[in-house]
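Quick notes on the structure that follows.
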Amino acid sequence: MFGRRQTEGRSPTIVSIPQVRLIELAAIFSIFYIAREIAGFDFRTGLVAGVFIAAAFLDILVASLGNARGGRILGRGAGEAWRWATVFVDLFTVIGLVYLTGTVASPFLFLLVLPLFFAGRLLPPLRAGAAVTLATVAAIAVLGALELRGTIPHFVCCDAGAAMPSGPHFLVGTLLVIAGFMSLMTYLFATFYDSFEVYLRTAEDRLVNSRHRISELTRLYDISLGINSVISLDTLLKMVCKEITLLLRRPWSSVLLLNPEGEIVRHVELGEEGVASNEPSPPIAEDRLVGAVLAASEGFVSEDAGADERIAGSPMIDGRELHPLLAVPIVSGRDDLGILMVGDREERPFGGEDVRLISILSGQVVSAIEKSRLYEVMSGRISRLEREAEDLRNTNKLKMNYISHLSHELKTPLTSIKAYVESLQDNIDNPEFVERDEFLGVISTETDRLIRMVNKVLDVSKIEFGQRTLKRKLFVLADVVAEVEQAMQPYLVDKQLDLRIGLPGDLPKIDGDEDLVKQVFINLLGNAVKFSAPGRRLFIDAVEDAVSVKITVRDEGTGIPEKDLTHIFEQFYQVGTSMGEGVGLGLAIVKNIVEQHGGWIQVSSTVGEGASFTFTLPKEHHFNDLLGYLFESIEASEEIQEMFQLSVQFIAEMLSAKIVSLMLLDRSRAELFIKGAYGLDERVVEKARVAVGRSIAGKVAETGEPLLVRDIETSGMKERSNDGQYETKSLVSVPLRVGNTVIGVINANNKISGESFTEDDLNLLVTVSERLSKVIERMRTAEDFSVFLKETIATLHSMIATCREDYHWLNRKTVEWSASIARKLRLSEKEVQVIQYVSSVHDVGMTCVSDDILNKTLALTPEEIDEIRKHPQRGAAIMRPLEFVEMVSQNILFHHERIDGKGYPMGLKGDQIPIGSRILAVLDAYASMMGARPFRHRLAVSETVGELIANSGTQFDGQVIKAFIEVLLDEGVIEIEDYTRFAEQLRYAGKHHPVT
Ligand code: ADP
């Protein structure tokens, strides 16, 4: 290249320039190669070698061209261009190497190489060494900093004059640069190789670790989602067992629950035979394992459980052939709730990581258990409510019985009156008959007794049958109490009882029916007097709370045995057998009156020490009804409004109705007003008022019975001419109630299809109304009211979104069919209702799956499949604020299980899967095969059913498919020939996979 150096009087060069260039390139190549060997850089060696050879070839070519042209190595003037050509060849070689070695990815390394290349060419030999270091450091520091801050773009400037690449110092400089570069690299690698390697390894470890952590967290999140969506404790514990085995990848796990005495009250175990749960009765006390695990707060680890002295003989692990065992306590605050265990039959000991994971899980289990227990309490309350409803139905029967009992009771005083009257008649003319006064006295007493008995009976029946609606007004409690005291005076004096009244002077007025409240005091004080020995004290006290006044009537009498306390408020219930004068209605009346006022009553008593009755009455400025309370005292009325609004919208979507309204009851005016409306004109909403007992909604509010009107014209219910708003003549209306009290009504009109509403629509509406009632009830009791309300609102949003899905028409059909299938399988009407409801909302969890995944046409990645697989758990979790029936959440949770146990999330088999889920699985598959989903073409009915049958006994329940094809036949979707063929195929399929 620089054929003859521009010597300018200095000595000529000894080595030819092409040779130098070759050495130079070979050196750079070696640097990269050595770097690769030492630091394990992953170079594309072949390419690097290629570039090197190409550069060498170009260098030689350029040099020989120069030689050939001038006869000399290179002429001064004409040589200029050749000189530059060689510089560029070198430069591009270096850049090529930089690129191929990956150093281009780092601006620092790039900057390190380029200044070195130039510095060696610009400076005289002596300064080259210093310059190497300086240029490198300065260029890296300055350019790097500037570049990092974005001040300059990514390039390097240098002012190299044309004379630059000439002179012997250039050659020496080049060699020095290369040598310096080589030695620098060698030095750096030699010095820092170890720490560099250590650093790399830690970084790698950290990366692996954090990946591991992320997957662990995701897993734990999934688990908590799963276990938090379960309502019943039993399902929860089974799920926990399953999750432990998956999380720690061990075949055996078990959960023990303890009572406060530390005895085992529940034992759930998952082994090869699947999961089993039992409640040992009596509870198992003194299990060594329990003691050992609770004592080891950091987790109990055993290398060989079978031979471990500490836990030997525990029936919880005996015979399981476990080698390593890991157990941690489930602790809530200071209470030991139970134990989580996991074990293996192979000798793979547990590590610290396992202990950590299972401890985290145990923490999550605590809150899930507590929630679940709460739900069990709630469902206890619900079944109590249901029992009460049943009781009410029995009341009529009871009353009839009572009439005969009462006749008997009435006969006793009557017989005695008659006897005395007859004696008096016999002796009417006998002046000697001195007992006359005494006889008359007895007659008078017995008559009074009769009157009292009859009055009580009348009162209870009046209140019971709603004839006596509350005559509300504001009154002073002290006045009422004083009146009662006055009336009771003779009895108090008679028994020398000391009545102490402790009402605070500033007690607010009561908002209620004064006469009825008086009755409450008379009955309670009457009992207190009756059951107190002479000379004892009686107390009436009162305190004010947020919405009511709490009143206590207490005596020091005989008291009530504990076993009777729970029954004492029942009608006709009396302690012991002595019927005496009482009829067992006094307290029933009291309870009824208090509850009509929206209050509650409780009793506590110790036999021999007395009894104490506490009840509440609404205080001034507060509606008696629950909603009044909610609207008045909580600053969330906007959210409540939103909740009602969303509810009607959801109902409209679900029933495909054009108009839905939710009306609430204004008790003081005995009217219904609209609280949430869909499809109604705003003016209508504002002014609509319906009197209780009038028109359809009013009648439903009055009777509390759901109503389906197929044709308003012929139903005899129409009061005014059919309003312009109502296109169709059919409508449904159901009550909204809290406990036994109707608080409003939900109405739906105008089916979009123009058809009339069906029984099934009515059932769906009842199911939803029951859930809304539950929400309202929970709003009052929820610990965090606004959080609960927000959750409910989110739930409703998701439910609306689910109802709006594209394949909605098919969905509507499947809702209908789910009920038909359930009926064909002879399930109870209650189950049918639940299944129908669940089928309309079961895919609510899908609203959490992103649209990108749902609309994807290509195959899904494992992560995406995972995401979709979570939807049953998500669905159950979403529905939770609205749910109180375990069956609903289970049906949602398990609708992707398979008969052969290969489904998700639990891998349940056959009968373990709730029947509702099995029905949903079939209908879901049918709907998705029939509907044109992006990832699949539509199939014909026969192909679809064929597909279902082919999977009968593995994926689907044969019985359900059988019922389903019957439904399809009934609906006219398939012909009788198809049906026979399908039935035949199904029988055949059944032979291969016995239907469970
Ligand atoms: P009755 O109308 O017959 O008085 P109640 O409903 O008032 O019936 O009371 C039911 C039962 O509760 C009574 O038979 C009585 O044994 C018991 N009882 C009610 N109040 C008291 C009290 N203050 N002390 C002890 N027992 C009571």
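Please read all numbers here as calculations on a predicted model, not as lab measurements. In listed order, ligands and their atoms are each counted from 1. For the single chain, residues carry numbers from 1 onward in sequence order.
Taking every heavy atom of I568 and a limit of under 4.0 angstrom, the matching atoms of ligand 1 come to 12 (O), 17 (C). Below 4.0 Å from some heavy atom of K530 lie the following atoms of ligand 1, by number and element: 4 (O). When each atom of ligand 1 is checked for a heavy atom of T558 under 4.0 Å away, the hits are 25 (C).
Checking Q519 against N523 by side-chain atom types alone, a donor-acceptor pair falls below 3.5 Å. With 3.5 Å as the limit, one finds a donor-acceptor pair spanning the side chains of E831 and S828. Donor-acceptor pairing under 3.5 Å is recorded for the side chains of S332 and E370.
At least one heavy atom of G559 sits less than 4.0 Å from an atom of ligand 1.
Proximity of L524 to ligand 1, defined as any heavy-atom pair under 4.0 Å, is not found for any part of the residue.
By the neighbour-count criterion of 12 heavy atoms within 6.0 Å, atom OH of Y420 is sparsely surrounded, having that number or fewer from other residues, nucleotides or ligands.
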- [ ] Assess whether ring pair (Phe, Tyr, Trp, His ring centres under 6.0 Å) is satisfied between F613 and F521, documenting all intermediate values.
- [x] CA-CA 10 Å; F613 289 85; F521 279 102; over 10 Å; no
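In terms of N/O distances under 3.5 Å, ligand 1 is not approached by A588.
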